[in-house]
Amino acid sequence: MFDNLIIVDNPLVKRELTVLRDKNTDSENFRAALDRVAYSLAIKVSETFGMDKVEVETPLEKTTGHKFNKEIIVIPVLRAGLSLVHAFHTLIPDAKVGHIGLQRDEETLQPIAYYFKAPKNLDHAKTILLDPMLATGGSASAALNWLKKRGAKDLTFVSLIAAPEGVKRLQEEHPDVRIYTASLDRELNDAGYILPGLGDAGDRTFGTL
Ligand code: PRP
Ligand code: URA
């Protein structure tokens, strides 16, 4: 249906998504399930990492090993994107972490920027933008614009649930950015929430319902 969209829907992810969608799941279990899904997302994204060969000496002889050919930078969109950081950072412990603060205006659905901090060498790195929810695409598109203005060239966007409206928008505005998600849901409702979705990811993660 969409080019450049990778849906990571292995059985582990499908089971956790059921927990995440369930309105009766409390914050503690919501965060834990999201963390488990994030490992599958991170492993799938890592398939695109370029590698250089390096020599390594085992206790017995020299052999060939591997290292990433670019630095990895992960950038969560505050707040909800923070829920995806732990798994990425655990699997890529030398990744640098930037932060982008965006709050969607509940009336206009436009993103309002309130914080930006990223490592300086974005132009030479592989940059992975994290936000569990891709709804209208306004927040992700604004974050990608900001990263590109600061030199990022090799960009990937990782979400948990994407709406077709948001995927379409990102592909029109950022055709160079590959999108990963655990689920392509049906549509947005009039308030800009994803259906069936899971509700407000930030509120459910941090217990601010
Ligand atoms: C949510 C979500 C995305 C954004 C998606 O954040 O985490 O950042 O909405 O919507 P969009 O695709 O229509 O822009 P929200 O603004 O609710 O902030 P929060 O993470 O602080 O809860
Ligand atoms: N943000 C969320 O947290 N959930 C949605 O369904 C849409 C935007």
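When reading the values below, keep in mind they use all heavy atoms of this one structure, side chains included, and skip hydrogens, waters and symmetry mates. As the structure lists them, so they are numbered: ligands from 1, and atoms in each ligand from 1.
- One side chain, Thr208 or Asp203, offers a donor N or O that lies under 3.5 Å from an acceptor on the other.
- Heavy-atom proximity to Gly192, at under 4.0 Å, picks out these atoms of ligand 2: 7 (C).
- When all heavy atoms of Leu84 and Pro132 are compared, the pair lying nearest together is CD1-N, 3.8 Å.
- Geometrically, Arg79 does not engage Tyr115 in a cation-pi contact defined by less than 6.0 Å to the ring centre and at most 45° from the axis.
- Listed by number with element, the atoms of ligand 2 under 4.0 Å from a non-hydrogen atom of Ile194 are 5 (C), 6 (O).
- From the protein, the heavy atom lying nearest to atom 8 (C) of ligand 2 is Arg104 NH2, 3.4 Å.
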Filter the ligand 1-protein atom pairs down to N or O on both sides and distance under 3.5 Å, then list them.
residue	atom	partner	partner atom	Å
ligand 1	7 (O)	Asp131	OD1	2.9
ligand 1	8 (O)	Asp131	OD2	2.5
ligand 1	12 (O)	Ala135	N	2.9
ligand 1	12 (O)	Thr136	N	3.1
ligand 1	12 (O)	Gly137	N	2.8
ligand 1	13 (O)	Arg104	NH1	2.8
ligand 1	13 (O)	Thr136	N	2.9
ligand 1	13 (O)	Thr136	OG1	2.5
ligand 1	14 (O)	Ser139	N	2.9
ligand 1	14 (O)	Ser139	OG	2.6
ligand 1	16 (O)	Arg104	N	2.7
ligand 1	20 (O)	Arg79	N	3.1
ligand 1	20 (O)	Ala80	N	3.0
ligand 1	21 (O)	Arg79	N	3.3
ligand 1	21 (O)	Arg79	NE	2.9
ligand 1	22 (O)	Arg79	NH2	2.9

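- The aromatic rings of Phe49 and Phe68 stand perpendicular to each other, their planes meeting at an angle above 60°, with 30° marking the opposite boundary.
- Taking every heavy atom of Ala135 and a limit of under 4.0 angstrom, the matching atoms of ligand 2 come to 7 (C), 8 (C).
- Of all heavy-atom pairs spanning Asp185 and Pro164, the tightest one is O-CD, 3.1 Å.
- The shortest distance between side-chain heavy atoms of Ile161 and Leu20 does not fall below 4.5 Å.
- Glu61 meets the side-chain hydrogen bond (donor to acceptor under 3.5 Å, both in side chains) test with no other residue; sequence neighbours excluded.
- Of all non-hydrogen atoms in Ala191 and Arg104, the two that sit nearest each other are O-NH2, 4.0 Å.
- Taking distance alone, with nitrogen or oxygen atoms compared against 3.5 Å, Gly199 approaches ligand 2 more closely than that limit.
- We find that Glu165 and Arg169 are not joined by a salt bridge, their nearest charged nitrogen and carboxylate oxygen being 4.0 Å or further apart.
- What sits closest to atom 5 (C) of ligand 2 on the protein, heavy atoms only, is Tyr193 CD2, 3.5 Å.
- The existence of a salt bridge linking Lys67 and Asp94 is excluded, since no basic side-chain nitrogen approaches an acidic carboxylate oxygen closer than 4.0 Å.
- Taking each of Glu106, Met133, Arg79, Arg204 in turn, the one with a heavy atom nearest to atom 2 (C) of ligand 2 proves to be Met133.
- Scanning the protein for heavy atoms near atom 3 (O) of ligand 2, the closest one is Ala201 N, 2.8 Å.
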